[in-house]
Asker: 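Got a structure here, written out as structure tokens. Questions coming.
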Amino acid sequence: MITENVKALLKELPEGVELEAAAKTRSAKEIEEAIKAGVKIIGENYIKDLKNVYESVKTPARWHFIGTLKTQKHDLLRKKYLKIFDMIETLDSFEIACELDKKCASIPKIMDVLIEINSAKEPQKSGVMPEDAKELAVKLSTLKNIRVVGLMTMGPRFGNPEDSRPYFRITKELFEEIKSLKIPNLTMKYLSMGMTNSYKVAVQEGANIVRIGTKIFGERACSLDAKD
Ligand SMILES: *Cc1c(COP(=O)(O)O)cnc(C)c1O
């Protein structure tokens, strides 16, 4: 089924929109099948999931970290894992960015990052508040071993995908605003938004990376919500 699901999604997504497989709890075999079917980006939330699968996935892909930095940074900020990830999509704090920058300098490596926006201003969610995003972007641009390449948002997990539209729109507006500032050492290239239930709306609102788990791999066995 994974192969068929990926092929259908690739056919459906407009040109220029990349499909990222959100792979939490999935096995190496499942991930390998998704890559062979055409997925080029694998998103992992947990270092423990990465550990379980990374060595066994033989087909090359780009690996993105999409988990909560606050709880995962202890593991993530090790050379071994920083070498594996091509992008961290969930950066939302200058303090963590400084630690990340230092570690990346010691590899040495320049890490592509997205700034995560808490577009619905949900107190329990991670991400920088929309009104603080520009200031964070300017500060991050001063770090030599981090390169901001865009924005990411989760948006609220509503039953009705239309309810996510305003939050995708806010994020896209910020994306354009930050782009227009022409900050050195920063580009607004990627806008990562939309999951299984909301990716169509996200694409309409300008997403060029969609992060999809369920619609590729099927329902998750344990009821892990996004980013728990
Ligand atoms: C799990 C997850 C997704 C995908 O969720 P689905 O509803 O299964 O498509 C996307 N983004 C993040 C950050 C996630 O943790």
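All ligand and atom numbering here is 1-based and tracks the order in the structure.
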Asker: Regarding Arg169 and Glu173, does a basic nitrogen lie under 4.0 Å from an acidic carboxylate oxygen?
Answerer: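 Result for this pair is no, no salt bridge flagged.
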Asker: Using a strict cut-off of 4.0 Å, indicate which atoms of ligand 1 neighbour a heavy atom of Asn45.
Answerer: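 Under 4.0 Å from Asn45, ligand 1 has these atoms: 14 (C), 15 (O).
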Asker: Which one of Ser192, Ser119, Ser164 satisfies the side-chain hydrogen bond (donor to acceptor under 3.5 Å, both in side chains) criterion with Thr153?
Answerer: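 Of Ser192, Ser119, Ser164, side-chain hydrogen bond (donor to acceptor under 3.5 Å, both in side chains) with Thr153 is met by Ser119 alone.
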Asker: Any non-hydrogen atom of Lys215 lying under 4.0 Å from ligand 1?
Answerer: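 Heavy atoms of Lys215 never come under 4.0 Å of ligand 1.
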Asker: Looking only at distances, can you tell me whether any N or O atom of Lys24, backbone or side chain, sits closer than 3.5 Å to an N or O atom of ligand 1?
Answerer: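 Yes: some nitrogen or oxygen of Lys24 is under 3.5 Å from one in ligand 1.
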Asker: Can you name the atoms of ligand 1, numbered from 1 with element, that are less than 4.0 Å from a heavy atom of Ile66?
Answerer: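 Heavy-atom distances to Ile66 below 4.0 Å select 12 (C), 13 (C).
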Asker: Which of the numbered atoms in ligand 1 are below 4.0 angstrom from a heavy atom of Met154?
Answerer: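 That gives atoms 12 (C), 13 (C) of ligand 1.
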Asker: Do Lys79 and Lys109 come within less than 4.5 Å of each other through their side chains, counting heavy atoms only?
Answerer: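 No, side chains not in contact.
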Asker: Give the atom numbers and elements of ligand 1 that come within less than 4.0 Å of a heavy atom of Ile212.
Answerer: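 Taking each heavy atom of Ile212 in turn, ligand 1 has 9 (O) under 4.0 Å.
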Asker: Do Phe85 and Leu50 come close enough that some side-chain heavy atom pair is under 4.5 Å?
Answerer: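 Yes - at least one pair of side-chain heavy atoms lies under 4.5 Å apart.
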Asker: Could you tell me which atoms of ligand 1, counted from 1 in the order shown, lie closer than 4.0 angstrom to a heavy atom of Thr214?
Answerer: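 Close to Thr214: 6 (P), 7 (O), 8 (O), 9 (O).
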Asker: When only distance counts, is Gly213 in polar contact with ligand 1, meaning an N/O pair under 3.5 Å?
Answerer: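 There is such a contact, yes.
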Asker: Taking only Lys NZ, Arg NE, NH1 and NH2, and the carboxylate oxygens of Asp or Glu, determine whether Glu205 and Arg165 approach each other closer than 4.0 Å.
Answerer: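 A salt bridge is present here (some side-chain N lies under 4.0 Å from a carboxylate O).
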Asker: Less than 4.0 Å between a side-chain N and a carboxylate O, is that true for Arg26 and Glu33?
Answerer: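 Looking at Glu33 and Arg26, the cut-off is not met.
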Asker: When you check the gap from the basic side-chain N to the acidic O, do Lys172 and Glu176 get nearer than 4.0 Å?
Answerer: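 Salt bridge: yes.
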Asker: So is Glu20 touching ligand 1 or not, going by heavy atoms under 4.0 Å?
Answerer: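 Glu20 does not count as a contact of ligand 1 under the 4.0 Å cut-off.
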